[in-house]
Structures are given as structure tokens and as C-alpha cells.
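Residue numbering restarts at 1 for every chain, and letters A, B, ... go by the order of the sequence lines. Keep in mind the model is a prediction, meaning the values are calculated, not measured.
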There are 2 protein chains.
Amino acid sequence: MQSKRDRVTSIDIAHLAGVSQATVSRVLNGSPLVNVETRRRVEAAVRELGYSVDRRASNLRLQRSGTLALLLFEDPTSDDSHINPFFLAMLGSITRAAARAGYDLLVSFQQLSDDWHADYAGSMKADGLILLGYGDYLSYRGKLEALVAHGTRFVRWGAVLPDQPGLSIGCDNLQGGRLVGEHLLGLGRRRIAFLGDASTHYPEFFDRYRGCDAALQAAGLAMDPALQIDAQSSEDDGYGAARALIARGQPFDAVFAASDLIAIGALRALAEHGLRVPEEVSVAGFDDIPAARFTTPALTTVAQDTSSAGAMLVETLMALIDGGPAASRMLPARLVLRQSCGER
Amino acid sequence: MQSKRDRVTSIDIAHLAGVSQATVSRVLNGSPLVNVETRRRVEAAVRELGYSVDRRASNLRLQRSGTLALLLFEDPTSDDSHINPFFLAMLGSITRAAARAGYDLLVSFQQLSDDWHADYAGSMKADGLILLGYGDYLSYRGKLEALVAHGTRFVRWGAVLPDQPGLSIGCDNLQGGRLVGEHLLGLGRRRIAFLGDASTHYPEFFDRYRGCDAALQAAGLAMDPALQIDAQSSEDDGYGAARALIARGQPFDAVFAASDLIAIGALRALAEHGLRVPEEVSVAGFDDIPAARFTTPALTTVAQDTSSAGAMLVETLMALIDGGPAASRMLPARLVLRQSCGER
DNA sequence: CTGAAAGCGCTTACAG
DNA sequence: CTGAAAGCGCTTACAG
């Protein structure tokens, strides 16, 4: 960052303090071997010249990078700045967790189709990867296997699956779906539509669907496949899916959207068709993004604990890097009641 | 990222291809000197062993880092995951712009009070810094001067001020304020309250205030200091400021909030006091965050072009790094009409 | 066109 | 407690 002739190195400090460069390094690394007086002289020199260790060199020597890479990928959209707000909240908590752990965080947006595995791991730019983003799991899975084969340390945010390559931290989507199902049942709703892909391609959404179904089954009911419409996590998809649902002409009294973005789009479509929420149709989302508080009516949704999630992702990745024991884990989901489902 | 014994280096490639390590490096850097046949052999070896260049070593040798650091700081709140959505949008566009320019992006959240200048620049972790965040400019200014003195390359997002240390890219806040003022006047509003700090401590907010004032002055009116209440960019501050405004008992027919977050808080306070928006009071914000579309009524606000902003920040920083000419610049503001101000 | 060698700025056994 | 030296994995003048 400085002009080249200015750049202060540990040798300059050594000269100024009248010691060897090795001793400067020892002081800077808090070695207990150094004499108190020597240490003081070195520290004074460091302050005087405003020196700080060159991390590139230090990391090269230590065979580490001191950096974690966060790869945020989005499947369909490459639309600038329209990142799912939920992931942005995750990004915030991951950044803080990494900083607390003494790691820098490299952030990169990727297309799911990109060749992201070699880039960070292989080039030693990062000690480990955090993968964030929903996409078609079945096409994504192969890349995870490549990462594993390559010896890359990584943790993925998403559904915890039995035979998955690598580890993941995720919300208990099954439980979240069940909470929504039970809530809607308690409100007297019976014909619950689901907006979102519900297949093994999108395990997070699928679990939400199945959780809701489980709640219905416990009451002797079941989700009706005729009321399920595919949608990815975007407002436009939610809008389109809700319109498609209405066009089907099947009666429904509730909409469970696989994400808040989908729910927001659905709210718009419902309003356009004169369907009153929550009087005629209950609507629930998933994620509790900031905008969920401001929709009309305010959206009942399932909150994932992003703050713990970030900490847990970093924690697990660090365990992997340090060779300690590490395992996939699920975080509890929490129902957030607002107005879009109606009074209990 | 690999276990140590596995790590492939350029020497392994050299052995396999039967050339010197220097030649491998030449091939990887696209040197025109290399014989076609030799190049092919090396490339085959690279593929076979799945090699990629160790960027730490390469950067050390080249005396660069290939990395830009984005320092996002927030003044009052250290509250997890409650980052201003506007900055998150900026983060998205900066990340993409950095990637397009071939730079990695290191992201870090900082407290304004932290000692952030030495950390990235001095330690050669980044070739340049992008500073993002509003805070008390007067206390912040000293740090900028330290960066300049230190020879650090940086670009700041914020107001372009005449005598500022370093460069900045910012929205034309004065113009944005003027647009709001003119719009409110056109709606017949005369007593416009301003929620947000309006002093040299917060130049962005101050410019928005002065822009609005300029519009009033052009009509022979002026902002009334009795209707200005300090607030930082948060919903809570906006709520508190609007309550304080109401408590003052001075009549007002419009609220210009210095940011959307403030506006959203104000909307809540106004609703609680039974003041109808937009019938009795017009409300306008600034930033056009995603949630602005979902408030009731939807928020009229001023959009900043985050997408160009990110590109321009990166562009300017790279010019600085390459020693080219670089200058502060302002981006135009754009009024986004929704329902919170009423019909024109 | 290619190789041997120096050097980027550190850390840490190895001697003393 | 301290110094001289090796080495992390590259890039690039310098010779040939």
C-alpha cells in the first residue's frame, strides 16, 4: 500500500532496535524467549516506524492464509444487487464470526455453473470455504464431491442430508414447515397451497413442504399436490406461482410460501385478484427477512437464527481446518406471528 | 487447503513436464517466449496434477496482494446482522465490480472507533481500501488524514467535500434533497420536517437537508429549524425522532427522513399517533432500500444508483493503485414516486 | 527459447 | 536469550 521505497520491513526494525531480524519476528509473535528490555526496544522501533507484519509473507511461511472465503451463489438470477436479503443477513453474521476468530473473509458471488472449487482452495487464497446459496442440489452435488476429493475444507449452509458430501449447517426446515402447518390448522385452514419447488432438487424447500405435510397428516389430512407450484426464491417467481395457482381453479384457504420473497410476490398476486389476506387466504413465508415486517398485512413467517448460524458455520469450518472433530448441525426454527395468517 | 504432503507446486509440474520451474511459471503467466510444444507439455502436466498457482507466493513476489478490502463501518450499533440494507446493496455491486476487475474482495465490519487504517493497508493484505458507512465525519476525518499520510490508497463512499482527505464517490445528495423539496411543494406541502442530523458532522444528511431547503428558498420559503430533529440511520432513531417531533407541538404537513430506515420508523410513530399518511402528512425517505416498496403506504424515496456506484468505486480505486489520474465523483439521484407523499 | 539464481518478507529449528 | 541460515512458492532479470 505504500510506495515501494517506503515500505518498512522487519529488517528496518531490526536495524533501528539493534537486534537481528529473527528477534523482531519473535517479539511480534509474542515469543516468551525474548528479554524484556530487548522486547521494549523492538516495540519502540515498531511504533516509531509504524510497522506491521506483511501477512503475505507470514502466511506463506506458515503455510496458511488466515482467510476464509464465502462463496455466495445464486442460481437463476445474475441480476445485480438483488441478492436474497436472507443471505445478506447471513453474510453479516459470518463476517463478524470470522473476524472474531481472527480470520479475514473473502467474499465472492458465483454462478452455480461457475468453476468455483479450484479457485480459492487450490490457490491457497483461503484456508476454507463457506458455501451459501440455494440452487439445484442435484447438479450442485457433483461440485461438492469434487471439493471433497480435492481435500478442500468447506461447510455449506443448507439442508443436512444423510449422504451428502462434506458438512452442512442448516435450519431445521422440517420443523419450520411443521410449525407453519400446525399454525394454519389451528386457524381452521385445511386446503394449504405450497409455493416453491418440492423435490430433492431443492432439499430445503422440500423439507419445508414435508414438515407442513407432517403436521397435516398428524391431523388426518395431507398436502394436495394439485396445490403445489414450483417457484425459486424471488418475488417474481412468487407472483407467477400465485397466479398459476389461482388459474388452476382449485380452492385453497392458505398459502405456505417456501420463502419470504415468494410470499411477497404471492401477496401481490392475491391482492390483484381481490383475494383478501388473511380473511380469505392465510399466507405464511419462511426466512423472516427485514421486509417481512413491512408487507400489508405483515407476514407471518419462520425465522432462522442467522446470528448463531454464522457463528456455527465459522466454528465448524475452523474445526475442519484444525483437524478437530466436526459434524453437520441443525438450528431450530421459530415461528414469527404477524398478521398475514389471521387471528388465532 | 490440501493436506501438506499433497500440495502440488510448480516444481512438481516442472518435473512432470521435464522443464525448469521457471518455464512453468512462464507458461502460467502467458509469456510469449515459450515454445508451443513446451507450453503444451506444461499445460498437460498442470491439468494432470490439478495445479493452480499459489497466490500468496505470487503476490509476495509481485509486491501486490490482488485484493481490495471493503471496510463497512457503523457508528452507534454493533448489533449483529442489522446492517443498513442500503450498504448491503452496495456490497453486492462492489463485490461484482471487484471480481470483474480481477480482484478479490476482503470484507470487514468495523466500528468507527476501531483502528482500521493499519490493519489492511500496512499488512499488505489489500492493495486498496473502500470505505463504506456513515458516521460522524468530523471524528472520522482524522483517520482519513492518517490514511493519506500513510500512503494508503482508498476511496470513500459519501459526500464529496471540497477539502477532504482522499477521494470519494457519492450520490448528489443536494440534488436528491432538492427533488424531494420540489415534489413536496408541488403537493402543496409547506411545513416540512426533517428527521436526521443536519450538520457538518453528517455531510450526506446535511446536503439532503440543504437541497430541500434550496427548493423551498426558490419558492420564497425555507426549512424551519424547529422542525428538524437529529436521527441516525435506524428505524428506532426514526421512530424516536418522529415522536419527538410530534411532542414539540409545531404543526407540520410533511416529513423528509434522511434515510429510508428513519422514514420507516417515522411511519410507525405517525400511525401510532393517528396521523394519516399521506392525507395529513407526506413522508419521503432516501436510499430506496428493498423494504421501501412494502411499507404502508409504500415509501416515496430517492434512489441512489448502487450498481454504478460499486463500479465507480472500484474503478477509481484501481486508478489510484495504478498511479493513474483519479478524482472524486458524484452520481445523480432519482426520485422514486410511491404512495407516501400523496397524489400529485 | 530455456535454465540457474536471486529475492519478495517472513518464521523457526539449530547453534551457541 | 539471541543470531545466522534455511525455506515457504513464486517471478523475472541475466546468461546462454
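Distance check: B/Leu129 CG to B/Leu68 CG gives 8.5 Å after rounding to the nearest 0.5 Å. Taking CE of A/Met312 as the start and CZ of A/Arg329 as the end, the distance is 4.0 Å to the nearest 0.5 Å. The distance from the OH atom of A/Tyr140 to the CZ atom of A/Phe73 is 3.0 Å, given to the nearest 0.5 Å. To the nearest 0.5 Å, atom CG of residue B/Leu167 and atom CG of residue B/Leu131 are 11.0 Å apart. Atoms CG and CG, on A/Leu60 and B/Asn59 in that order, are 10.5 Å from each other to the nearest 0.5 Å. Within the model, atoms CG of B/Leu71 and CD1 of B/Ile130 stand 9.5 Å from one another, a figure rounded to the nearest 0.5 Å.
Taking 4.0 Å as the cutoff to heavy atoms of chain A, we find the contact window on DNA chain D bounded by D/dC1 to D/dG9.
Position along DNA chain C of the nearest nucleotide to A/Arg55 versus B/Arg61 favours B/Arg61 as the more 5'-ward residue. Checking A/Ile11 against B/Asn35, the closest nucleotide of DNA chain C that is more toward the 5' end is the one next to B/Asn35.
Listed by residue number, the members of residues 36-45 of chain B with any heavy atom below 4.0 angstrom from DNA chain D form an empty set. Contact check of residues 21-32 of chain A against DNA chain D (heavy atom, cut-off under 4.0 Å) returns A/Ala22, A/Thr23, A/Arg26.
DNA chain C forms stems at C:1-3 with D:14-16, C:5-12 with D:5-12, C:14-16 with D:1-3, each a run of 3 or more consecutive Watson-Crick or G-U wobble pairs whose two key distances fall under 3.5 Å.
No hydrogens or angles considered: nothing links the side chains of B/Thr9 and B/Gln21 as a donor-acceptor pair under 3.5 Å.
With sequence neighbours excluded, the residues satisfying salt bridge (Lys or Arg N to Asp or Glu O under 4.0 Å) with B/Glu145 are B/Arg141. Applying the salt bridge (Lys or Arg N to Asp or Glu O under 4.0 Å) rule to B/Glu43 yields no partners; only residues at least two apart in sequence or on another chain are considered.
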Legend entry - side-chain contact (heavy atoms from CB on, under 4.5 Å) assessment of B/Thr67 paired with B/Leu105: CA-CA 6 Å; B/Thr67 300; B/Leu105 189 75; over 6 Å; no
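B/Tyr103 carries B/Arg64 over the face of its six-membered ring, with the cationic atom under 6.0 Å from the centre and within 45° of the normal.
The residues B/Asp127 and B/Arg153 are annotated as not salt-bridged, no charged nitrogen and carboxylate oxygen being separated by less than 4.0 angstrom.
Dense packing is recorded around CG of B/Leu138, with more than 12 heavy atoms of other residues, nucleotides or ligands lying under 6.0 Å away.
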